[in-house]
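Worksheet: one structure, shown below.
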Amino acid sequence: LGAGRHELGAPLVLTAAHSGLRIVGEAGAEVSGGVEVCGLSWREARPGVWASAVDMGANKLSEVPGLLVNGSRLTVARYPNLPGGIEETCFYGCEVDGDEASWTPPAPTEDAVAYESEVLRNETVQDYFQRYTIGVGGPCARFDPPASYWCADEPQGGGAASYRVPSGVSLPEGFGNSPYATPPEFHVYRPSRWANWMFEAVEVGPNNYSFSRGGFQGARGDDAGGDFHVQNVFEELDHEGEFWFDPANATLYVVSATPPPTAGVVVPRLRVLVNATGTQWAPVADVVLENLTFTATRHTYMDTHAVPSAGDWALERLGALLVQGATRFTVRGCVFDRLDSGSAVLVSGFNRDFALLDSDFSFLAGTAVAIWGFTNETDTDPARPGQTLLGAPAAGADASDGEHPVGTTVAGCLAHDIGLYAKQSAFVFQAKARASVVAGNVFFNAPRAGINLNDGMAGGDLVARNLVFNVVRETQDHGVLNSWDRQPFLLDHSGRSTMATRNITANFFVNQYNPQECVDNDDGSAHYETSANFLVYGKQGLKNDFGGHSNYHHDNIYAFVSIALGVDKTYPGYQDRFLRNTVVLTGSDVGSPQCDDPKTILADNLYFTPNASITECGLDLADWQLLSPTNDPNSSVAPIPNSSTIIQWARDLLDF
């Protein structure tokens with residue numbers, strides 16, 4: 001592909017007939033889903049606000065969902081303002097406190113049809129997550145397929161409750177520059193900031209709105225909204241770098257101290273740039289995309305979402321690069337910049353040995369890479385058009401048909417500044433997949449976890465030698481890497497439902513914003529081996545809860561954590577293990593291991609505390625060790641060393 005900007009009028013579609021194709025870009029080759037607007041003529045509509053008519057027909061536009069000027073996004077008019085614009089985080093600011101609004105309770109719906117499978121994973125105490133459960137329809141009719149763990153009977157886990165969302169909101173008197181001539185779009189954090197919802201609305205009274213659509217951008221619900229902002233209203237067009245498009249008069253408005261340019265103004269139009277779709281029986285095989293820049297897709301946060309599995313996520317099955325039904329598909333040396341699709345790269349359904357290598361991601365609306373398979377939860381699925389899916393909903397627990405990614409590699413990539421719109425986003429997201437490798441990457445600047453493993457379907461994954469920092473900047477209750485395991489799956493025809501061990505090794509993770517854990521093994525997570533990592537900040541080192549078990553932390557360095565570990569009860573033979581770790585603590589207690597049989601297995605750890613003493617299971621470490629030879633044997637405590645010593649430990653561990 002030659003140098004320069006190449007506008008696509010429609011997605012480039014690749015099928016099995018294109019197997020063996022290699023597309024290589026010359027330096028500067030750019031594939032754009034946007035339209036460079038021609039015929040702009042700016043006039044000053046009011047001081048600092050410029051207006052121009054847009055010839056929608058000549059520019060082949062039906063709407064203006066976003067705007068890029070000289071390669072950078074402008075911010076749609078909103079309240080409160082973003083001082084640095086949409087591409088610069090405001091952390092916990094620039095939102096209205098949800099308590100200042102009055103939220104209309106969720107609208108009544110029919111009950112979901114609940115299903116519980118016969119698949120039994122009898123590994124967890126207190127009956128946590130032992131059977132595959134799901135609910136279809138009811139409040140989950142907002143999703144497509146209309147199915148979710150969170151519509152099942154009595155979902156379990158942290159803050160567990162059935163899915164629902166508020167049905168409207170009343171804004172306080174004097175809100176922003178209200179009243180508004182047209183209803184705003186509402187962007188609303190779920191309480192506790194686990195995700196954010198987007199709603200379209202209709203006005204039913206002065207500053208009183210009913211939500212007409214939306215609320216499906218996260219799998220977890222609530223009766224009310226949390227912190228929020230409104231956008232896409234002319235009255236809030238009042239800050240440098242904002243824009244608003246008047247569809248009734250086809251007029252574009254931009255706030256700028258000087259007249260905006262007439263060239264280099266791009267409206268994102270396409271949702272998908274490259275759609276490579278085959279089947280398990282006729283895959284798109286051995287395709288290579290190399291040295292290409294992908295940019296300017298339109299936002300998809302109001303498009304159909306689905307719940308990938310029993311984690312907290314809901315997601316569009318869309319990506320600027322969408323690969324489904326492929327083998328040995330390779331992306332090398334590419335750039336994914338300023339894409340507003342839900343994911344920049346989506347590895348969907350049947351994929352074998354997909355490789356994403358040495359590529360860069362920047363300023364994305366949502367997730368960089370999503371790896372997401374299928375099971376048959378419902379009879380139809382919009383991502384598999386024309387197919388009748390067999391065995392639903394029972395087959396939702398059955399992954400033995402192979403309709404999921406295996407052997408995906410994400411290596412040598414740089415990704416930063418993601419989740420500009422969708423706060424429940426990650427550099428790498430995985431659901432219903434197995435044996436992925438995420439290695440040798442540098443990830444930074446994200447609103448939530450850097451790497452999210454949404455379920456424990458298969459395992460066998462490797463997360464190794466990654467540098468990840470500046471995450472969980474706009475949300476809470478998360479880590480650099482987050483996992484859940486709330487549903488068992490049949491992995492093959494033997495009836496096996498326990499995933500293979502996931503290895504997290506030789507990483508450098510920093511969790512300095514809203515720190516919980518660097519590795520947050522949440523809600524039933526099991527069979528993780530976390531070793532030889534340098535993990536900086538957080539509440540604790542090893543964590544599991546709600547039936548989590550069989551997690552093994554060894555040979556790690558934890559720098560400045562509150563406690564070494566906090567774990568749940570387990571069955572004998574499923575204990576967590578904490579061995580040969582170096583732990584620099586901000587307090588003077590090991591934490592909350594299980595102190596009665598079956599005990600958490602601890603041994604050979606080096607603890608460093610402010611006062612050179614530490615307690616474990618309510619006793620001084622030495623006294624605890626005297627009670628039994630299995631009580632954290634050969635572990636010791638010493639004063640905290642200086643920072644240069646800790647850094648040298650990390651250099652020796654990670655060889656940098």
task: With rounding to the nearest 0.5 Å, note down the distance linking OG in S162 to CG in D153.
output: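 Reported value, rounded in 0.5 Å steps: 8.0 Å.
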field: Aromatic ring proximity F427/F361, centre distance under 6.0 Å
entry: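 So the answer is no for these two rings.
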- request: Give a yes or no on whether the ring-centroid distance for F489 and Y132 is below 6.0 angstrom.
  value: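 Aromatic pair counts; centres sit under 6.0 Å.
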message: Is the positively charged end of R384 above the ring of F374, judged by distance under 6.0 angstrom from the centroid and angle within 45° of the axis?
response: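 Satisfied, under 6.0 Å and within 45°.
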message: Tell me whether the rings of F546 and Y128 are parallel (<30°), tilted (30 to 60°) or perpendicular (>60°).
response: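 Plane angle over 60°, so perpendicular.
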message: Can you tell me how the ring of H549 sits relative to the ring of H527, calling it parallel under 30°, perpendicular over 60° and tilted otherwise?
response: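 Geometry flag for H527 against H549: perpendicular rings.
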Between [Y] and [X], is there a salt bridge with N-O shorter than 4.0 Å?
X	Y	result
R220	D222	no
D461	R434	no
R121	D485	yes
D286	R328	yes

- request: Evaluate the criterion side-chain contact (heavy atoms from CB on, under 4.5 Å) for residue pair H554 and E529; output intermediate values, then yes/no.
  value: CA-CA 8 Å; H554 64 91; E529 183 169 350; 2.8 Å; yes
message: Do V583 and F578 have side chains that approach each other closer than 4.5 Å (heavy atoms only, starting at C-beta)?
response: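 Contact flag for V583/F578 side chains = yes.
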